[in-house]
Amino acid sequence: MSTQRVVVDPITRIEGHLRVEAILDDSNRIRDAVSSGTMWRGIELILEGRDPRDAWAFCERICGVCTTVHALASVRAVEDAIGTRVPVNADIIRNIMFLTQYVQDHVIHFYHLHALDWVDIVSALKADPRRTSELAQTVSPHWPKSSPGYFQDLLGTLKTFVESGQLGLFDNAYWGHPAYKLPPEANLMAVAHYLEALKWQKEIIKIHTVFGGKNPHPNYLVGGMASAIALESDHAINIERLNMVRTLITDAIQIVEQLYLPDLLAIASFYPEWTQYGGGLGNYLCYGDLPQAGIDDPSKFLFPRGAILDRNLSEVLEVDPRDPEGIREEVAHSWYEYPEGQEALHPWEGTTKPNYTGPKPPYEQLDEQGAYSWLKSPRWKGHAMEVGPLARMLVGYASGREEFREVVGEALGRLKLPATALFSTLGRTAARGLETRLAVHWLLAEYDRLIANLKAGDTATANTERWEPSTWPAECRGFGFTEAPRGALGHWVTIRDGRIAAYQIVVPSTWNASPRDSRGQHGAYEAALLGTPMARPDQPVEILRTIHSFDPCLACASHVIGPDGGTLAEIVIR
Ligand code: NFE
Ligand code: MG
């Protein structure tokens, strides 16, 4: 049997440092895979002994991509521990921050991190601007920038760029690879929209600066939000600011409905074979989010909580993140040490003790029989789970939520695909687009809810009753969560005498990129690669397609930086 190993390290167009090794069979199909997080930072340890009211500011800096989500999970964990609840406006503002993050992050992922796995920039040079214009008007009839002149200009710019020999951020991809299937006109249209989306993404995120003062890393507050609102004032968030937010939301609806979704469906229609690969585990987990009636009632969350095992969409299983037998992290294949005799720990009992036993970098290959990653292996009731957009869309769909059924049904109908097509690389990429569609309309709805509340005279954004540590129990613990763009995110805190005694974070990319567990079960990335045929193993675009479909973030996943490997880009084939 062949033992050819394709090593991709680092995987680019992600956040952080991820290494993937794929072991091929004689026909160049992936028969085994290894996913390794190669960086470590130690945020959980940095938090010990600090004031819990400051934790959000440290946690939030785990990542500048999914900015805000760690702050949200952190303030919720502390509020849960000290027994405080936030005013309605704070929940709504948090929902607005959350949804703004989704819409920006998902559009950036599609165009700037993932599209070039499907779109060949160099092929775009052969496009006829007039035919590109016709195509663009068919695909997105309501998007105004689609004239032949517009595409002619873009083509000129692109030619100058390529002829200069300085492709910059477009350098070093597998242009001309046989796995690229789009005609030149579709490639040119996609390049145009890549640039439009790049300009737009810096606008939408201004919503964070209105409510949170800045971006990345907007401000949060234990007990509410630090957003003073007074409609008629010059010194607070006033009606003028709020009107700007509304304009940004309506512009975002246009980008999602007229660019992102049409482009997603158009590109997907050229790659039907990618509904056959990349499904992976078939187990999905969500904590749910977007409270409509407070944090304690998950049944009223817009994203429902629940789990699906073995692709069984007829049953959504109950998830309790406080259950000591539910979520547990293992370190059998991770560079950590657990207390004597412990194999799996619930996060409230969890520890973070680094123990690097891997080869001295730079190394040729990892040994998957031993420890091989800075990521732990979170498991739910012993099962390896996928988290993220696909999990959310499936749990929403299987929970019978009408909105989910509508957007999923419509997209499958347009592509003429059965529901089983969702269990795939393309399904995961499509799920992200579909949830963005839900998210951008929910964003407007949450905005309207805020305005209605303000007009009714309720301007409270914080509850400071439990601000002073003297009002807290001597010892307490809490769970905080969110559905980060990449999936279920949990923070578990223990507070003793007003200080953080223990803090554990289990992150979406840790679930998805996790190494094998003690029973040898693969993590979601590893499982998703199995069985995928590779056209040219020395140009592993197939690996990128599937791994990028999860939108990896290793800064989040290990939240913990280690020895500098030195080599920055290397593809090794043996
Ligand atoms: Ni840094 Fe993050 C998200 C979190 S990681 S991107 O979304 O939490 O999976
Ligand atoms: Mg952790």
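Numbering of residues begins at 1 and proceeds along the displayed sequence. We count ligands from 1, going down the list as the structure has it; atoms in each ligand are counted the same way. Hydrogens, waters and symmetry mates play no part in the numbers below; they use all other heavy atoms, side chains included.
Listed by chain and number, C63, C66, V69, H70, A484, P485, R486, L489, V507, P508, S509, C553, C556 each place a non-hydrogen atom less than 4.0 angstrom from ligand 1.
Under 2.8 Å from the Mg ion (ligand 2) lies an N/O/S atom of E44, whether from backbone or side chain. Taking backbone and side chain together, K376 holds no N, O or S atom under 2.8 Å from the Mg ion (ligand 2).
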List the steps and the verdict of ring pair (Phe, Tyr, Trp, His ring centres under 6.0 Å) for F110 and H114. CA-CA 5 Å; F110 179 70; H114 197 24; 7.3 Å; no
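A donor-acceptor contact closer than 3.5 angstrom links the side chains of D289 and T482.
For R305 and F481, the positive end sits near the middle of the six-membered ring, less than 6.0 Å away and at most 45° from its axis.
To the nearest 0.5 Å, atoms CH2 (W56) and NE2 (H491) are separated by 13.5 Å.
With respect to the salt-bridge test (charged N to carboxylate O, under 4.0 angstrom), the residues K376 and E343 do not qualify.
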Only pairs under 3.5 Å count here: list side-chain donor-acceptor contacts from residues 382-390, not counting sequence neighbours, and write none if there are none.
from : atom 1 : to   : atom 2 : distance (Å)
E386 : OE1    : R428 : NH2    : 3.2
E386 : OE2    : R428 : NE     : 2.8

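Checking Q104, R61, Q101 one by one against T67, the side chain to side chain contact (heavy atoms under 4.5 Å, CB included) holds for a single residue, Q101.
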